[in-house]
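First the structure, in the form of structure tokens, and then the observations on it.
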Amino acid sequence: MAQVTQILTLAIVPDDGDEMVRLLARLDAGADQIDPEDGWTRDDQSDRVVLTRTGLLQFDY
Amino acid sequence: MAAITINQGLDRIAINASQAVGWSSSRYIRTMSVDDNASAFLSTDTRLDRAGALTIANSFDAALDATPAAPASRVVSHTMTIPTGSGNFTIRRIALHDDTPANVSPTSTTLCAGIDGQTLAKTSDFSLAITETLFYTNTS
């Protein structure tokens, strides 16, 4: 029997450097952004932040 | 997060794999959508609006950024990018469809799989690339 399961990855790409700084600041603020307890892994790259989840996402930018 | 593979999507996989009745060279997972309906997907869903039972105030869909790479260990990833000017609402659900964007809407019978239970406030400050990865596993 076959089964299909799914995971989710988000790459957030700000439209300029200032927005990138703002995004990182908001993500670093924690609490109302992304709750690490929810199982998201975060990868900060030069022009984007990549999130991969195994739990609930609470994100507001 | 609930991740649901819709029965219709499983049928599509079976049809395409076997080139059975209903097989079409144009019907395969090729479009991703997002919408703001907070309802959970059901395995029996065939449309985003559940045949008119759900109200979808905002939605956006687009073709996948590229044809997915060949499966590696039975894993296939599908990516769609929402531009800065689009999809600026609170994304609750993400879904995959087996037709072109021109034929995908909240009322189209194209739903193959989906992830619900999100709270993603997309704004015009950023573009958002969403990758939905499917694991095809043998449970026998």
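Chain identifiers are assigned alphabetically (A, B, ...) following the order of the sequence lines, protein sequences preceding nucleic acid strands; residue numbering begins at 1 within each chain.
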Rounded to the nearest 0.5 Å, what separates atom [atom1] in [X] from atom [atom2] in [Y]?
X        : Y       : atom1 : atom2 : value
B:Leu120 : A:Leu51 : CG    : CG    : 9.0 Å
B:Thr123 : A:Glu19 : OG1   : CD    : 7.0 Å
B:Thr84  : A:Asp15 : OG1   : CG    : 6.0 Å

Same hydrophobic cluster for [X] and [Y], using side-chain heavy-atom links shorter than 4.5 Å among ILVMFWY?
X       : Y       : answer
B:Phe89 : A:Leu8  : yes
B:Ile91 : B:Met80 : yes
B:Met32 : B:Val76 : yes
B:Ile6  : B:Ile29 : no
B:Leu48 : B:Leu96 : no

Derivation of the side chain to side chain contact (heavy atoms under 4.5 Å, CB included) call for B:Ile130 and A:Thr9 | CA-CA 6 Å; B:Ile130 300 175; A:Thr9 302; over 6 Å; no
Given that the side chain runs from C-beta out, which part of [X] has a heavy atom under 4.5 Å from chain A: side chain, backbone, both or neither?
X       : result
B:Thr5  : both
B:Ile4  : backbone
B:Ile13 : side chain
B:Thr90 : neither

Taking the side chain as every heavy atom from C-beta outward, state whether B:Leu128 and A:Ile12 have any atom pair closer than 4.5 Å.
->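 B:Leu128 reaches A:Ile12 side chain to side chain.
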